[in-house]
Amino acid sequence: MVKFEPFYQVVRRVPRGRVATYGQVAALAGRPRGARLCGYALSALRGTVHDVPWQRVLGARGAGRAGISLRDPIGAAAQRALLEREGVVVDALGRVELERFGWRRVAAKR
DNA sequence: ACTTTGACGACTG
DNA sequence: GCAGTCGCCAAAG
């Protein structure tokens with residue numbers, strides 16, 4: 001899907017150990033209100049050959065906190081494992097502190 | 001061609 | 001803080 005290329009490129013830009021939200025990725029991809037598109041685009045990546053760190057994309061849930069929005073418990077667990085392997089702290093609820101790991105284009109080193 | 005659904009987000013009550 | 005509603009774009013039935 002060529003339409004999703006921009007999303008993938010944005011996700012690829014996310015540095016290791018950081019996470020971004022669907023809305024953020026959508027905005028950077030040129031779809032300010034295409035948060036759903038992001039999710040849809042990423043869902044298409046599942047079980048595909050890609051170099052897109054989809055695990056770094058989380059749901060925003062309003063603001064301040066992000067979390068794994070995958071509806072598939074299996075995929076959610078896998079994502080959590082991948083994130084922790086990169087150094088991202090994910091609590092039992094699958095939430096991540098955007099204050100610490102939220103992707104900032106300008107590496108906000110605490 | 002129309003309707004429903006989907007890894008969402010923001011606003012309103 | 002939580003539940004309901006609308007908006008958004010694309011794909012699948």
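Because only heavy atoms are used, hydrogens play no part in the values below, and waters and symmetry mates are left out as well, while side chains stay in. A, B, ... follow the sequence lines: proteins, then strands. Residue 1 opens every chain.
The nearest pair of heavy atoms linking Cys38(A) to Tyr22(A) is SG-O, 3.2 Å. Across Ala35(A) and Ala26(A), no two heavy atoms sit closer than the pair N-CB, 3.8 Å. The heavy-atom pair separating Val14(A) from Ala20(A) by the smallest distance is CG2-CB, 4.2 Å.
A straight line from OH of Tyr22(A) to P of dG6(B) spans 14 Å, rounded to a whole angstrom. Between Phe4(A) atom CZ and dA7(B) atom P there is a gap of 13 Å when expressed in whole angstrom units. Look at CG on Leu45(A): it is 13 Å from P on dA11(C), rounded to the nearest Å. The nearest whole Å value for the distance from the CZ atom in Arg46(A) to the P atom in dA11(C) is 18 Å. If you measure from atom CD of Glu5(A) to atom P of dC9(C), you get 19 Å, rounded to the nearest angstrom. Put simply, CH2 on Trp54(A) is 16 Å from C1' on dG6(B), counting in whole angstrom units. Remark: P of dA10(C) and CG of Leu42(A) are 15 Å apart, rounded to the nearest angstrom.
Spacing between dA7(B) and dC2(C) at atom C1', rounded to whole Å, works out to 22 Å.
Atom CD of Gln55(A) is separated from atom CG of Leu42(A) by 10.0 Å, given to the nearest 0.5 angstrom.
Counting only distance, with no hydrogens or angles, the side chain of Tyr8(A) and the backbone of Ala41(A) share a donor-acceptor pair below 3.5 Å.
Not a single donor-acceptor pair, N or O on each side, falls under 3.5 Å between the base of dA7(B) and the side chain of Tyr40(A).
Salt-bridge annotation for Glu86(A) and Arg18(A): absent, with no side-chain N of the basic residue lying under 4.0 Å from a carboxylate O of the acidic one.
Crowding of Leu93(A) atom CG: a count of heavy atoms from other residues, nucleotides or ligands under 6.0 Å exceeding 12.
Distance from the side chain of Lys3(A) is smallest for dA11(C) among the nucleotides dA7(B), dA11(C), dG9(B).
Residue Ser43(A) is in base contact, counting any heavy-atom pair closer than 4.0 Å across all strands shown.
Residue Arg31(A) places no side-chain N or O under 4.0 Å from the OP1 or OP2 atom of dC9(C).
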Indicate for each nucleotide in nucleotides 1-7 of chain C, in 5' to 3' sequence, whether protein heavy atoms under 4.0 Å reach the base (B), only the sugar-phosphate (S), or nothing (-). ------B
